[in-house]
Student: 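Supplied in structure tokens, the structure appears directly below.
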Amino acid sequence: RVVYSSAIDAYCRCGEVNGAYQIYEEMVKQGHAPNVVTISIFVNALAKDGKYHEAECIIENSFDGSWELDTIAYNTYIKAMLDSGKLYSAVSIYNRMISLGVQPSLQTVNTMISVYGQGGKLDKAVQMFKSAQSLGLSIDEKSYTNMISYYGKAGRSQEAFILFTKMKENGMRPGQISYNTMLNAYAIAGRHHEAENLFEDMKSDGHPPDSLTYLALIRAYTEAHEFCKAEEAAHRMQKEGISPS
RNA sequence: AGCUUUAUCUGAG
């Protein structure tokens with residue numbers, strides 16, 4: 001069964017969902033019942049392929065009580081609903097998971113932060129972020145970056161920066177993505193002075209700016225109506241040989 | 001054997 005499931009996964013990763021399905025049929029014909037892993041693989045592949053409706057059908061059918069869905073299966077389902085934009089379904093699957101006593105993992109938390117963040121429910125996202133501690137999960141750089149991003153999108157750059165600071169206090173070195181995300185939070189809020197400072201910190205911290213770094217910096221200036229500085233930054237980017245995204 | 005290769009832009013829902 002492991003061999004069949006792995007083969008199905010391999011087909012899916014090549015975008016050959018149909019080939020995967022043939023293996024699936026053969027597997028069933030040989031008397032090997034599909035298990036939770038097989039289902040997760042299919043749901044994941046269908047969702048990545050944009051076939052959300054089919055993914056949802058499999059998910060719904062798997063709720064008939066005959067499956068012992070585990071943490072990864074629920075994570076896969078929640079992610080599929082997030083990607084399809086069905087945030088309400090994502091939440092309801094999460095609630096189901098909790099009420100059935102399935103342990104959330106850090107990935108569950110990170111995905112749910114995105115679900116709430118994209119749904120504009122920043123307070124819920126924060127709640128999720130904080131709940132990680134009580135679940136005994138240690139927040140990673142992704143969790144912080146995710147939260148920083150949503151604070152930023154809500155125009156709350158000061159709270160974003162508090163998290164950015166806390167991340168460093170907890171011994172995590174922000175990488176390029178974290179810096180870009182924090183920079184973007186300042187950009188949305190038009191805080192160009194803070195953005196400039198962070199831009200310098202980023203470089204001295206050993207992270208070379210990329211096109212997204214400059215995009216954020218330029219946006220910080222334009223949001224603040226500092227158009228000359230925006231143009232300067234754009235020139236500096238070109239001079240450094242970075243092509244715009 | 002399966003789940004965030006997470007950040008930036010525009011539009012649709």
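Letters A, B, ... mirror the listed sequences (proteins, then strands); counts begin at 1.
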Student: Return whichever of A:I41 or A:D210 has its heavy-atom-nearest nucleotide of RNA chain B closer to the 5' end.
Tutor: A:I41
Student: Whole angstrom is fine here: how far is it from CD1 in A:I23 over to P in B:A1?
Tutor: 19 Å
Student: What's the closest nucleotide to the A:N184 side chain, out of B:A7, B:G2, B:U8?
Tutor: B:U8
Student: Across the strands shown, which category fits A:K153 at heavy-atom distances under 4.0 angstrom: base, sugar-phosphate, nothing?
Tutor: sugar-phosphate
Student: With clusters defined by side-chain heavy atoms of hydrophobic residues (ILVMFWY) lying less than 4.5 Å apart, directly or transitively, does A:F42 cluster with A:V28?
Tutor: yes
Student: Would A:Y11 and A:Y24 count as a close aromatic pair, with their ring centres under 6.0 Å?
Tutor: no
Student: What does A:T76 touch in the nucleic acid at a heavy-atom separation under 4.0 angstrom: a base, only the sugar-phosphate, or nothing?
Tutor: sugar-phosphate
Student: Using a 4.0 Å heavy-atom cut-off, does A:N35 contact any base of the nucleic acid, only the sugar-phosphate backbone, or nothing at all?
Tutor: base
Student: Do A:R96 and A:F63 form a cation-pi contact, if we require the NZ or CZ to be under 6.0 Å from the six-membered ring centre and within 45 degrees of the ring's axis?
Tutor: yes
Student: Using only heavy-atom distances, determine whether the side chains of A:Y221 and A:E196 contain a donor-acceptor pair under 3.5 Å.
Tutor: yes
Student: Would you mind classifying the nucleic acid contact of A:S114 as base, sugar-phosphate or nothing, using non-hydrogen atoms under 4.0 angstrom?
Tutor: base
Student: If you take atom types as modelled and just measure distance, does the side chain of A:D70 reach the base of B:G2 with a donor-acceptor pair under 3.5 Å?
Tutor: yes
Student: Less than 4.0 angstrom from a charged side-chain N to a carboxylate O is my criterion; do A:D83 and A:K48 meet it?
Tutor: no
Student: Stem ranges for RNA chain B, with three or more consecutive Watson-Crick or G-U pairs under 3.5 Å?
Tutor: none
Student: Should A:K51 and A:E54 count as an ion pair when the cut-off is N to O under 4.0 Å?
Tutor: no
Student: What's the CE-P distance between A:M81 and B:G13, to the nearest Å?
Tutor: 21 Å
Student: Could A:E56 and A:K86 be called an ion pair, given the rule that one side-chain N must be under 4.0 Å from one carboxylate O?
Tutor: yes
Student: Does A:R13 have a side-chain nitrogen or oxygen under 4.0 Å from the phosphate oxygens OP1 or OP2 of B:C3?
Tutor: yes
Student: Measure CG/A:L215 against P/B:U10 and give the value in whole Å, please.
Tutor: 10 Å
Student: What nucleic acid atoms does A:V43 come within less than 4.0 Å of, heavy atoms only: base, sugar-phosphate, or nothing?
Tutor: nothing
